[in-house]
Amino acid sequence: MISPAPVLSRRSLLRAAGAAGAAAFLPLSGCASPDNRADGVTTLRFLQNKPEVVGYFNNLIRDFESSNPDIRVVQDFNAGNWVPGLIRGNPADVVTNAYSVTVADFARKGVFADLSDLPAAASVDAKAQELINSFGQYGSGEISALPFSLAAAGVIYNKDLFAAHGVEVPTRWSELIAVCRTFQAAGVTPIYGTFKDSWTLGQPFGYIAGGAADLAGFFGRMPRDAKAIKAGSQVSFTRDFRQVPEKLLELLDFAQPDAASRSYPDGNVAFAKGGAAMYMQGPWALSELTTANPDINVGTFALPVTENASDTEAQVTLDMTLSITRSSPRIEAAKRFVSYLMQPEVVNAYNAQHAAFSPLAGSASAANQQIAGLQPLIAEGRYYLNVTNYFPPAITYNNYFQSLALNKDPESFLSTLDESWQRVALRNA
């Protein structure tokens with residue numbers, strides 16, 4: 001747990017945001033500076049990071065305003081406005097983020113207000129909040145972000161092909177390999193690979209990494225700055241991740257021969273037409289598959305990495321979290337809005353509609369049968385955060401995953417990750 005530190009200065013803000021944030025100096029589009037106390041009405045600016053759900057949140061805002069006539073909410077869906085707003089002293093009051101190491105850097109430096117006093121904080125699943133807090137906190141007991149949506153990912157599989165070949169969903173690594181060999185012997189591609197698009201390799205790498213290592217614990221011990229590097233580290237990719245690239249390569253051997261030249265759109269079309277039994281993609285691919293083949297019958301299971309079925313967990317992304325800017329002069333109004341958004345009926349309805357899982361304790365089962373196979377694991381708190389969320393933006397991990405898949409050199413891959421991590425850490429004072 002990290003002790004309180006001074007709120008970020010202008011220079012610190014730029015460092016925390018990294019190159020991507022520094023490049024995001026864009027005019028605040030659609031967000032003219034409103035009168036924040038006109039006619040007794042407080043205006044909140046709500047910076048929302050998913051353009052595809054703007055209409056959905058506009059409906060929620062209208063509902064909130066109808067029962068809170070003293071508050072007006074203006075939605076801004078240009079995520080690039082975040083850092084410029086902070087630097088200009090005019091940040092959004094309420095912010096949504098896909099929680100990652102970049103967002104956590106702001107949280108650790110005190111940019112976000114403490115939400116631990118909100119009743120909604122007590123309704124959050126303990127594991128979901130633990131993942132957020134594992135990145136570090138500004139002060140003891142502070143909660144800088146509340147989870148709103150969990151996007152869970154696993155192996156998408158063709159239920160009809162599994163049934164036709166008498167194959168059960170594997171629960172152990174050896175069973176997974178046996179399933180691949182069964183399909184291979186029957187002339188069916190076990191796994192459709194799309195290595196041309198490097199980011200798609202992050203899925204199988206993440207599944208294996210999350211099943212083989214305690215990711216939150218590992219990255220929590222990895223050195224973050226020059227001081228930690230000089231002090232020496234007891235953890236490294238080379239030392240602790242050795243089995244991850246080895247198992248990944250074993251799995252990728254079951255992809256089709258032309259995987260290196262196939263892209264994500266190629267994979268969606270091919271898999272939708274029955275071109276493989278399994279597909280290593282997240283829930284975002286489901287709508288693409290259904291568009292290509294409305295009759296496709298698919299499910300999702302968590303990839304098993306060990307010989308103990310109880311070790312298997314689902315991979316999640318903290319797809320949307322809610323925070324309030326600490327410097328906002330409208331914190332009480334912002335807390336009312338966040339409390340509204342965190343109501344079970346609001347949280348659960350959003351996630352049911354967007355093929356995601358509710359992060360609230362005791363929430364209802366997923367309505368979408370294509371991801372229902374992950375529900376028991378989510379309900380039991382058996383899930384881990386996607387490994388890529390722990391990497392600083394300066395580390396081009398997708399390129400490294402692609403090099404591993406094509407060159408099949410685990411030692412070089414691991415040493416490259418260690419070298420890249422140290423270079424980034426050394427730049428941090």
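Positions are given from 1, in the same order as the sequence printed here.
The CZ atom of F254 sits 7.5 Å away from atom CD1 of I191, with the distance rounded to the nearest 0.5 Å. Atom CD of Q203 and atom OG1 of T388 lie 7.5 Å apart (nearest 0.5 Å). With rounding to the nearest 0.5 Å, the separation of OG1 in T300 from CG in L286 is 5.5 Å. In this structure, Y390 OH and I395 CD1 are separated by 14.5 Å, a value rounded to the nearest 0.5 Å. In this structure, L417 CG and E419 CD are separated by 9.5 Å, a value rounded to the nearest 0.5 Å.
Using cut-offs of 30° and 60° for the angle between ring planes, the W421 and F219 rings count as tilted. Relative ring orientation between F413 and F401 is described as tilted, the plane-to-plane angle lying within the 30° to 60° band. Between F218 and F241, the ring planes lie tilted relative to each other; the angle falls in the 30° to 60° range. Using cut-offs of 30° and 60° for the angle between ring planes, the Y56 and Y350 rings count as perpendicular.
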What's the verdict on ring-ring contact (aromatic ring centres under 6.0 Å, His included) for Y157 and F301, showing C-alpha distance, side-chain angles and the deciding distance? CA-CA 8 Å; Y157 70 104; F301 66 87; 5.5 Å; yes
Audit row: F271, Y192, ring-ring contact (aromatic ring centres under 6.0 Å, His included) steps and yes/no: CA-CA 7 Å; F271 186 78; Y192 200 90; 8.0 Å; no
Start with the C-alpha gap between F148 and Y340, add the side-chain angles, then the distance that decides, and say whether ring-ring contact (aromatic ring centres under 6.0 Å, His included) holds. CA-CA 12 Å; F148 183 81; Y340 165 84; 9.9 Å; no
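H354 has its side chain out of reach of N351: every pair of non-hydrogen atoms, C-beta onward, lies at least 4.5 Å apart. Counting heavy atoms from C-beta outward, L318 and L131 have side chains that approach closer than 4.5 Å. Between V103 and F135, every side-chain heavy-atom pair lies at or beyond the 4.5 Å cut-off.
Stacking of K109 on the aromatic ring of Y138 is not recorded, the 6.0 Å distance cut-off and the 45° axial limit not both being met.
Residues F112 and W82 bring their aromatic ring centres within 6.0 Å.
In this structure, Q234 places its CD atom where only 12 or fewer heavy-atom neighbours from other residues, nucleotides or ligands lie under 6.0 Å away.
Using a 4.0 Å cut-off between a side-chain N of Lys or Arg and a carboxylate O of Asp or Glu, R45 and D93 do not qualify as a salt bridge. Of the charged side-chain nitrogens involved, none lies within less than 4.0 Å of a carboxylate oxygen, so that E130 and K127 do not count as a salt-bridged pair. Looking at D319 and K50, a side-chain N of the basic residue comes within less than 4.0 Å of a carboxylate O on the acidic one, giving a salt bridge. Salt-bridge formation is not detected for the pair D258/K196: no Lys NZ or Arg NE/NH1/NH2 atom is positioned less than 4.0 Å from an Asp or Glu carboxylate oxygen. Using a 4.0 Å cut-off between charged nitrogen and carboxylate oxygen, R326 and E142 count as a salt-bridge pair.
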